[in-house]
Amino acid sequence: MKLGIVHETRTGERRVAASPNVVARFVKGGWEVDVERGAGVAASYPDAAYEKAGAKIVDRAGAWSADIVLKVRPPDEAEVGQLREGGCLISFLYPAQNDALVAALAQRKVTVLAMDQVPRISRAQKMDALSSMANISGYRAVIEAANRFGSFFTGQFTAAGKVPPGKVLVIGAGVAGLAALGAAKGLGAIVRAFDVRAAAEDQVKSLGGEFLTVKVKEAGEGQGGYAKEMSKDFIDAEYALFREQAKDVDVVITTALIPGKLAPKLWLKDMVELMKPGSVVVDLAAEQGGNCEYTKPGEVAEVNGVSIVGYTDLPSRMASVASDLYGMNLWHFLEEMGGASGWKVDRDNDAVRPALVLENGEKMWPAPPVAAMAKKAEPAVTPPPKAEVKSTPATPAPAPAKSHGHGPPTAAPSRGSGVLLVVVGLIAAGAWLALRLGYADTAVSKESAELLQHLTIFVMAVFVGFQVVWNVTPALHTPLMSVTNAISGIIVVGGLLGGTGDLHASSAVAIVATLFATINIAGGFIVTRRMLAMFRK
Amino acid sequence: MLAIELIYVAYIVAAVLFILALRGLSSQETAKRGNVYGIVGMAIAIGATLSLPAGDFHPLLVGSIAIAAVIGAVMALRVGMTQMPEMVALLHSFVGLAAVLVGFSLQLRGEAPLAERVEIYVDVIIGAITTTGSVLAFLKLRGTVSGKPLLLPARHFLNLAMLIAIVVLGVMYGRDHQDWTLEVAAVIAGVLGMHLVAAIGGADMPVVVSMLNSYSGWTAAAAGFMLKQDVLIITGALVGSSGAILSYIMCRAMNRSIWNVIFGGFGATPPPSSAKKPAQPAGDVQEIDAATLAQRLRESKNVIIVPGYGMAVARAQHAVRELTEALRKQGVNVRFAIHPVAGRLPGHMNVLLAEANVPYDIVLEMDEINHDFPTTDVAIVIGANDIVNPAAEEDPTCPIAGMPVLQVWKSKLVVVNKRSRAAGYAGIDNPLFYKPVTKMLFGDAKDAIEKVVAALKA
């Protein structure tokens, strides 16, 4: 199979679909790779590097006629025409916004896979190009902000005096937001983050950020790790919080996106006006209209000395690493589809099916609910891959929601001990029976039947005991002891039965037995109660 | 007076309630309800017995129940949480004693068929072993008797002799049904119980206590056979298997077999390997003071506290709670790692921390937390020694080799609080103290932790 890596023609786009590093992997994996002349130059990857990696440098038409064309941006009209009929294209496509493009591609009878439609399930994380790009955007947003911010991010004590640390507010702690948070923290700033999803709190804290919340309780979890739109009360509370923060912070990075809609306006005009001159707002949602009301997509606006950065090409500004990571996503994607030897479009693969837009010109998007069902079966909310966050030692968040006390017992009794138990029980039963029968009286059959009955109950109770006690959480072993202590005071029944009739030696002894057994019952239950009352969450 | 059938139904209900009581303990949320089931079950069982048609109960019996209930309640309300091990051991002895007395009471009734005689004998023997063993365990835990194992020269032979004597007397009793045989056998069993417990050392006490727990259950079951009472058999079997499982868990946590614990006399003689180990983990221990530790804690993200028996002895759990709260307030993720044999009772540390109001969801078991040490900034070991001894993993010749331990040394900083430089109960040196990541915080656990808290708040 031949892969074609083509030059990106869109103005300002510096990325390329694969770095030489990735090409080397492809070649090693058995693919033939054709790279269009000069495709990687803007990303600092000269043709020679591709050749060294095992690719063939070809002209534009050559690269476009490969079996599978790898690309970053959606193709334009001219490029659609260059695709080989029956060929295959893998790139970002945004099929929901690009009806005309999808129709044009369909006419060419091609197979098209959209990298932006790879589902956000755990298994597909390594192919999640949106996350890779968001990670880069987040990092770059901090760098752009630092570039415009007139002071240090980290606080300093110099001989000349003290410089306070910069304060960064990140709105939306998704992949991009967390990457920004990590990068800003790494530069030494005081970092705060706001997100409507409660799950974000731990992630923010694990990166050393302060998590801001509003008093209104409302869950903000939407589908696929995105947030949903919030109620008016919530938004009012949120705005109040932002106005307060606007006076304090030096840098605001907004990353709030709601799938399929224009970005919500979160940083309003008056908030910008509240900010100190020299502050910076970086709006990562600029492409979807922006979170800030002053944002001009693709440009830097300036209001009262506050710069509002609305670049929509942040990943492209780090073309080298962006191409490398995007290429790796492609590599994993192609491997998932079977690799060089077994590559095919498998409609049953739930990591691939959602990305399939066209198959030989036939429209396959959006994926049918079967795939959606399969998608649901996987954990729906993908935790942002923390390992990708640059410049910060990735600290895993504390294992969430691990239910202590409900977990399985340390180990179940081994099968061996169960068998042993049965054997012991049978031997005991046999021995007792032999004993009974050996001294046969008149009432043999009745007595032995009775004994057998008791033994059955005994063995059953031992089994029940084993089953029940293995489920006791180790934290409650002391209360377990005291409660078993209390119920073993059931021996009091024996004392009671003996303490009948007139007072004589036998009943006196039984009364003393009752006394001790009752101390046990009262003491055991009360002490258990005391202990259990102390356990609190 | 109830119909006899109804009473038996009541017994079954009681037995089911006891099972539910144990089941309730599977989680902290349901545990309190479980205890209530147990109380209700017990009330039903006693009520049913008292309404037996044959009942002609002596007034003293009712009086003794009332008195005993008061005594039990007072004991239970007064006992401190650090004294739980003693309390539990003492209560075990009461069950054993009650069983012995019930056996004698039946014996004093006169004629009994052979099967019943055997049952009486078994009941009395197990009861006697439980009683004296528990009393000695109580005294050891209380500190009245030294916790060091008592190892008589021919102890295995002694045990065997006593066992044979008990069997011989049992045969005699079965044949002749004479009072003295039962009495002598009870005394011998009592001595055997004491001797067995005497030979077991301090750190193995959790196993002893859970074993006695098991015995007290088997005693009750034996009494059930004797009296033909299913409710006793079921309850006894439940308690017996519960104790057996606890013993097994404890033993496994120390990587030793139950026989090794009972007959091993562990920790008495200095292990031979230590003599030929001149290359003790060389180097000096490094100390740390409260203020420096507080500073390090303030800069940490993840802190794990490993409590041991030393925390119980110093009653430092409240100071530890304060430390936890202070750190959590500063956004530090504080958790507790509990080794299965930490303390002198299974689950001892959990109870102490619960008493101090530490939320139970940050108190984790060894298996849950052991892999988190590499990402931990500070691990604080309070009054624990053997359960954090890396020698168990690194030195195959050391006596605790193979015992699973908490791998505190993998964290970025380990602070060990100890009263002195003495070795742990196992009597072996701890190379942890000499590791470069380890700093020692000498002093009484309570004082030391309180100082850290003060420094943290300053």
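Since the structure is predicted, the reported quantities are computational estimates derived from the model, not experimental observations. Every heavy atom of this structure was used, including side-chain atoms; hydrogens, water molecules and symmetry mates were not. Quick note on labels: first sequence line is chain A, next is B, and so on, each numbered from 1.
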Let me confirm one number: the OG-NE2 distance from B:Ser210 to A:His477, rounded to the nearest 0.5 Å.
9.5 Å

Less than 4.5 Å apart, any side-chain heavy atom of B:Trp218 and any of A:Val462?
yes

Report the residues that fulfil side-chain hydrogen bond (donor to acceptor under 3.5 Å, both in side chains) with A:Ser488, sequence neighbours left out, ordered by chain and then residue number.
none

Correct closest heavy-atom pair for A:Thr473 and B:Ser27 would be CG2-CA, 4.2 Å

What I'd like to find out is whether the side chain of A:Ser482 reaches to under 4.5 Å of the side chain of B:Leu91, using heavy atoms alone.
no

Looking at side-chain heavy atoms only, is the closest gap between B:Ile46 and A:Val493 below 4.5 Å?
no

Can you find a heavy atom in the side chain of A:Leu455 that is under 4.5 Å from one in the side chain of B:Phe225?
yes

Quick check: do B:Leu25 and A:Leu532 have side-chain heavy atoms less than 4.5 Å from each other?
yes

If we ignore angles and hydrogens, is there a donor and acceptor under 3.5 Å between the side chains of A:Thr484 and B:Asn213?
yes

Interatomic spacing from CD1 in B:Ile39 to CD1 in A:Ile526 - rounded to 0.5 Å
8.0 Å

Is any side-chain heavy atom of A:Val527 closer than 4.5 Å to one of B:Met75?
no

Among pairs that include at least one residue of residues 62-81 of chain B, which meet side chain to side chain donor-acceptor pair (under 3.5 Å), considering only residues two or more places apart or in two chains?
none

Minimum heavy-atom separation for A:Val468 to B:Arg23, with atom names?
CG1-N, 3.4 Å

Minimal heavy-atom distance between A:Val469 and B:Ser242, with the atoms involved, is CG2-CB, 3.5 Å

Here the pair of heavy atoms bringing A:Thr478 nearest to B:Gly347 is OG1-C, 3.2 Å

Is the closest side-chain heavy-atom distance between B:Phe18 and A:Ile490 below 4.5 Å?
yes

